[in-house]
Amino acid sequence: MPQAFPEIQKIKYEGPQSKNPLAFRWYNENETVEGKSMKEHLRFAVVYWHTFRGTGSDPFGAATMVRPWDDGSNSVENAQRRARVAFEFCEKLGAPFYAFHDRDVAPEGSTLAESNKNLDAVVRVLKEEQQRTGIKLLWGTANLFSNPRFMHGAATTCNADVFAFAAAQVKKCLEVTKELGGVNYVFWGGREGYQNLLNTNMKRELDHLARFFHMAVAYAKEIGFSGQFLIEPKPKEPTKHQYDSDAAACLNFLRAYELLPYFKLNIETNHATLAGHTMQHELEYAGMQGALGSIDANTGDLLLGWDTDQFPTNIYLTTEIMWTILKWGGLAPGGVNFDAKVRRESFEPIDLFHAHIGGMDAFARGLKIAATIRAEGEFDRLLKQRYSSFDGGIGADIESGKADFKKLEAYILAKGEAAPNQSGRQEMLEHLLNRYI
Ligand code: XUL
Ligand code: CO
């Protein structure tokens, strides 16, 4: 097969002074940061759906990205050729991982049996290409939202047959993810949510969702799939109220249904902002509960209220993300997965390289800045000092459970008034952050 990107060589690290747009200025995969290579910290992944299936169509216009390697058909041969292109791309980019939905890689047939057969035919090529290149599957997932049968949801549908179909599809996708050595398996809610409570039994739907997840856990155990299960929170789109709305809601659901030991979270920047949070908030929340699994790296547009899935280039954002990830011990077996798409005006294949190189460099730079911040320890010292009243005396009694309301009342009655507060120093801290960026 001829190369899809003959004019592109393997993208190299050329250092911050380089003016070559097709080179890394910060991502130097073997450079050590906090005792680990950048490659090990970042574990970059390319998504199949946007990068190899994105067409640039929108509600107002047709596809702009007509790829020379794609014959436009829904054939298995076309899907197999696309798979080889995907690996040529990841290999030249130097991305160690990729991620897919079942229906991204292989065409859906008119029955489940036909879809499974198509999937097997493409998985053979994916496996061959993984072996040839050493590129690994970060995660697999089932598309339980595109086909019209899932209009009311999949695990939270009102139609029991659709629930059964979704279960059968996830069963196959788990088998395939195992076959390809996938290190995680993702559940993004798709259409699991509702538009209107007049036609929705929320309790029943959530019970069904939990039942579905327990079945997935049991089947993974049965087939010996040891990858990490991840839930990807998102608050809205396509439904008005997605059940997995944010990290806190997901963790509450998992805890309530005794699923917490089996799942971590896949946190996505644009989903965090749609939830009215920052990415850092979501990461911190997941991290402090031991549930930080992986991230979908992208960004939204602050002037647009939907999931624009843009490539991240903002160094503040990547610094905050990597700072939080380092704080909670890193991502593995997760990774930095670019769930991002080029704009429809960026229709040339080379734009896929520009987009990923920019994102990878932004993350590499964020990682280095975060490591410097941590090494200097100034923020840590200031944070520790802010809570120092809990390090001894009455504060230590509160934290250790030695104090109760009566003891605290006696303490304050004797003292008359609480000790004076200290300034929060927000502006000083924001200014301090700029010193590192
Ligand atoms: C949708 C989204 C998905 C998941 C995988 O907003 O982020 O692409 O990452 O299903
Ligand atoms: Co995503």
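We're numbering straight along the sequence, starting at 1. Start at 1 and go down the list; that is how both ligands and their atoms are numbered.
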[X] and [Y]: which non-hydrogen atoms are nearest, and at how many Å?
X: Leu137; Y: Thr177; result: CD2-CG2, 4.1 Å
X: Gly109; Y: Glu114; result: CA-OE2, 3.5 Å
X: Asn337; Y: Ala45; result: OD1-CB, 3.3 Å

Distance from Leu274 atom CG to Glu268 atom CD, nearest 0.5 Å? 9.0 Å

Have a look around the Co ion (ligand 2) and list protein N/O/S atoms under 2.8 Å, or say none. Glu232 OE2, Glu268 OE1, Asp296 OD2, Asp339 OD2

N/O pairs closer than 3.5 Å, ligand 1 and protein:
{"unit_1": "ligand 1", "atom_1": "6 (O)", "unit_2": "Lys234", "atom_2": "NZ", "d": "2.9"}
{"unit_1": "ligand 1", "atom_1": "6 (O)", "unit_2": "His271", "atom_2": "NE2", "d": "2.9"}
{"unit_1": "ligand 1", "atom_1": "6 (O)", "unit_2": "Asp307", "atom_2": "OD2", "d": "3.0"}
{"unit_1": "ligand 1", "atom_1": "7 (O)", "unit_2": "Glu232", "atom_2": "OE2", "d": "2.7"}
{"unit_1": "ligand 1", "atom_1": "7 (O)", "unit_2": "Glu268", "atom_2": "OE1", "d": "2.9"}
{"unit_1": "ligand 1", "atom_1": "7 (O)", "unit_2": "His271", "atom_2": "NE2", "d": "3.3"}
{"unit_1": "ligand 1", "atom_1": "7 (O)", "unit_2": "Asp339", "atom_2": "OD2", "d": "2.7"}
{"unit_1": "ligand 1", "atom_1": "8 (O)", "unit_2": "Trp49", "atom_2": "NE1", "d": "3.2"}
{"unit_1": "ligand 1", "atom_1": "8 (O)", "unit_2": "Asp339", "atom_2": "OD2", "d": "3.2"}
{"unit_1": "ligand 1", "atom_1": "9 (O)", "unit_2": "Glu232", "atom_2": "OE1", "d": "2.8"}
{"unit_1": "ligand 1", "atom_1": "9 (O)", "unit_2": "Glu232", "atom_2": "OE2", "d": "2.9"}
{"unit_1": "ligand 1", "atom_1": "9 (O)", "unit_2": "Asp296", "atom_2": "OD2", "d": "3.0"}
{"unit_1": "ligand 1", "atom_1": "9 (O)", "unit_2": "Asp339", "atom_2": "OD2", "d": "2.9"}
{"unit_1": "ligand 1", "atom_1": "10 (O)", "unit_2": "His101", "atom_2": "NE2", "d": "2.7"}

So which of Arg132, Lys10, Arg84 actually passes salt bridge (Lys or Arg N to Asp or Glu O under 4.0 Å) with Glu91? Arg132

Glu284-Gln280 side chain donor-acceptor pair, cut-off 3.5 Å: no

Taking atom OH of Tyr262 as the centre, report whether more than 12 heavy atoms of other residues, nucleotides or ligands fall under 6.0 Å from it. no

Salt bridge (Lys or Arg N to Asp or Glu O under 4.0 Å): which pairs involve residues 149-169, sequence neighbours left out? Glu108-Arg149

Let me check something: any side-chain donor-acceptor pairs from residues 119-127 under 3.5 Å, sequence neighbours excluded? List them with distances.
{"unit_1": "Asp120", "atom_1": "OD1", "unit_2": "Lys172", "atom_2": "NZ", "d": "2.8"}
{"unit_1": "Asp120", "atom_1": "OD2", "unit_2": "Lys172", "atom_2": "NZ", "d": "3.2"}
{"unit_1": "Lys127", "atom_1": "NZ", "unit_2": "Glu179", "atom_2": "OE2", "d": "2.8"}

